[in-house]
Amino acid sequence: MQAPDNLAAPTREDPAARAAPDGGAVRTTESDPRARLRPRHLTMIALGGIIGASLFVGSGSVIRTVGPAALLSYAIGGALVVLVMRMLGEMSTNRPVVGSFMEYARDGLGNWAGFAIGWLYWYFWVGVVAFEAVVVGRIFHEWFPSVPDWTFALAGMLVFTFTNLMSLRSFGETEFWLASIKVTTIVVFLGVGTLYVLGIIPGSTGSVANITDHGFMPHGWAPVFNGVAVVIFSYFGTEIVTMAAAESDQPAKGVAKATNTVVWRILLFYVGSVAILLMVVPWDELPAKVSPFAFAFGRFGLPGAEQVMNAVVLTAALSVLNSGLYSGSRMLFALSKHGYAPRWVEDRNRAGVPWKAILLSTVVGYVAIAANYAAPKDVFDFIMNSAGCVALFVYAFVALTQWRLRNRMSAREKAGLTLKMWLHPWLNAVVLAAVGLIVVLMALDPDAAPQVWLSLGALGLLLAVYPFVRRRAAQRAPGTSSAHDGARSPSAAGSPEA
């Protein structure tokens, strides 16, 4: 059964909403239908969500480590994301909800799974928001060295806190324009880069042969697979569109479109961009301290290329800050619906925005920013390392959840799916095996191992406290758990109580 189209407009959740047939999962937090996201917002969130500073800056590190075979790292990582998005798309078109994979994990694997993955996801984005705010501060400080960078970081947090608090539409409009800049930059780079490689631009030294002339796989296969472990995190954020679609005019259609286009988005924006980079500049000539895109634009003859790319990286950081606040607050809102977070987190303002969920998420960000300037390295290393495997955990939970939910469907329900996962359940097994392999590779890498052990520790801590949270949730809202377990959506019928 699909969730109700909308909530009435209370500042606290209606009792009827908590007893909704789908277990209290809300399709939207907005009370005003006119304030929902439009198709153009979802389009740019889907397009821009996959483009971050990790592409504009981090790709250079991957290329220098792996060599031209970084193309394979990005392609393999992209293939895994395509499969995960297809699974998530099947579940989201069948039942669009703000909690997205957290709600589906509850239905498919049990309440413990929704609790654990929901809080890990929130923790991940809170850390990323704080990290991106610091990046924003450092970029502005380069332009205005007389002003301390913490003031710009704080200003960035305040601006986007206000943007998210205003309304869902203000978030959507802001993300639309920030994503437009990122997408335009990539499109221009691909177009000009192609002309450069073809020799149409005067003074061109680019060539397709640059990919192989200096050794395609100079360090063997091991760095290629280690590279997958790095680039997989560059793709994280593609799932945000499934959350945003639940607050749009046409949620199922929006998710289906985003899912069906993820293949060409990854091929064009990541694999395509890295391929052009390798053709324009031999991999062993990329500088370590300059964005590879800035270096390539300099080859094209663009004056002030480094500063232009700094502006684009700034845009990417602001976009992640904006979307991170959105996704983190919505996940916290969804967790509260089931008693997994304080009930007051559900409070919404007149625009229907869960303002307390937003503020709670930003407070952690402000604390992290302050701590960063007190202990510049230790604090962020701990935050990012302890959430470093969240993307992999989410992908594994999605694969397991979709596998189980599909198996519970009747033949009629399966026939009614508007979007289906390919080769179920074989590709689910492939994703799970790949995630396991990546975790093992990370554990064997001295630099990445802390992420594995701290992330597993965070997951273990959440599982340890879950029984206490479950009892408190049952005391707070008697009958909620039974309502959730006894009245599933058709595709989730029969899910066990955790």
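Glu285 and Arg299 are joined by a salt bridge, as a carboxylate oxygen and a charged side-chain nitrogen come within less than 4.0 angstrom of each other.
Between Pro292 and Pro287, the closest side-chain pair of non-hydrogen atoms is not below 4.5 Å. Phe295 is not listed as a side-chain neighbour of Val280, based on a closest heavy-atom distance of 4.5 Å or more. Side-chain contact between Lys257 and Lys253: absent, with no pair of heavy atoms (C-beta onward) separated by less than 4.5 Å. Residues Gln250 and Pro39 meet the side-chain proximity criterion, which asks for heavy atoms closer than 4.5 Å. Between Tyr395 and Val390 there is no side-chain heavy-atom pair separated by less than 4.5 Å. At a threshold of 4.5 Å between non-hydrogen side-chain atoms, the residues Met217 and Leu72 count as touching. At least one side-chain heavy atom of Met243 sits less than 4.5 Å from a side-chain heavy atom of Met331. Side-chain contact check for Val241 versus Val255: every heavy-atom pair is 4.5 Å or farther apart.
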For Ile358 and Arg330, what are the C-alpha separation, side-chain angles and deciding distance, and is it a side chain to side chain contact (heavy atoms under 4.5 Å, CB included)?
-> CA-CA 8 Å; Ile358 293 173; Arg330 281 354 186 238; 4.2 Å; yes
Which is it for Trp283 and His214 under the side chain to side chain contact (heavy atoms under 4.5 Å, CB included) test, yes or no, and what are the steps along the way?
-> CA-CA 8 Å; Trp283 72 273; His214 296 246; 3.5 Å; yes
List the steps and the verdict of ring pair (Phe, Tyr, Trp, His ring centres under 6.0 Å) for Phe300 and Phe297.
-> CA-CA 5 Å; Phe300 301 156; Phe297 271 119; 5.6 Å; yes
Verdict with supporting geometry, Val262 and Ile266, side chain to side chain contact (heavy atoms under 4.5 Å, CB included) | CA-CA 6 Å; Val262 71; Ile266 287 175; 4.0 Å; yes
Candidate pair Tyr121 and Trp125, rule side-chain hydrogen bond (donor to acceptor under 3.5 Å, both in side chains), full reasoning = CA-CA 6 Å; Tyr121 189 76; Trp125 279 113; 3.0 Å; yes
Going through the distances and angles, do Arg406 and Lys420 end up as a side chain to side chain contact (heavy atoms under 4.5 Å, CB included)?
-> CA-CA 10 Å; Arg406 172 79 81 85; Lys420 293 182 179 180; 3.8 Å; yes
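No hydrogens or angles considered: a donor-acceptor pair under 3.5 Å links the side chains of Thr242 and Ser100. Using a 3.5 Å distance cut-off with no hydrogens or angles, the side chains of Ser455 and Tyr123 do not pair a donor with an acceptor.
Ring-centre distance between Phe397 and Tyr104: not below the 6.0 Å cut-off. If you look at Phe189 and Phe293, their ring centroids are closer than 6.0 Å. Aromatic rings from Tyr270 and Tyr235 are positioned such that their centres are separated by under 6.0 Å.
Partner Phe124 forms a ring pair (Phe, Tyr, Trp, His ring centres under 6.0 Å) with one of Phe236, Trp119, Phe233 and no other, that one being Phe236. No option in Glu173, Glu175, Glu247 other than Glu173 meets the side chain to side chain contact (heavy atoms under 4.5 Å, CB included) test with His41. Exactly one residue among Leu286, Ile63, Val208, Thr212 makes a side chain to side chain contact (heavy atoms under 4.5 Å, CB included) with Leu278. That residue is Ile63.
Distance NZ/Lys356 to OG/Ser361: 14.0 Å, rounded to 0.5 Å. Note that the OG1 atom of Thr401 and the CE atom of Met91 stand 5.5 Å from one another [nearest 0.5 Å]. The OG atom of Ser170 sits 8.0 Å away from the CG atom of Asn322 when rounded to the nearest 0.5 Å. Distance check, rounded to the nearest 0.5 Å: OH of Tyr196 to CD1 of Ile200 gives 13.5 Å. Going from atom NE2 of His141 over to atom OG1 of Thr151 covers 9.0 Å, rounded to the nearest 0.5 Å. To the nearest 0.5 Å, atoms OG1 (Thr315) and CD1 (Ile181) are separated by 4.5 Å.
Note on ring orientation: taking the six-membered ring where Trp is involved, the planes of Phe140 and Phe144 are parallel (angle under 30°, cut-offs 30° and 60°). Taking the six-membered ring where the residue is Trp, Phe171 and Tyr326 present parallel rings, their angle staying beneath 30° rather than reaching 60°.
Nearest heavy atom pair, residue Lys182 against residue Ser319, reads NZ-OG, 3.0 Å.
Under a 3.5 Å cut-off, the side chain of Arg86 and the backbone N or O of Val81 do not form any donor-acceptor pair. Checked by atom type and distance alone, the side chain of Asn210 pairs as donor or acceptor with a backbone atom of Met279 at under 3.5 Å.
The cationic atom of Arg40 (NZ for Lys, CZ for Arg) lies less than 6.0 Å from the six-membered ring centre of Phe176 and within 45° of the ring axis.
The local environment of CH2 in Trp177 is sparse, with at most 12 non-hydrogen atoms from other residues, nucleotides or ligands closer than 6.0 Å. Within 6.0 Å of CZ on Phe162 lie no more than 12 heavy atoms contributed by other residues, nucleotides or ligands.
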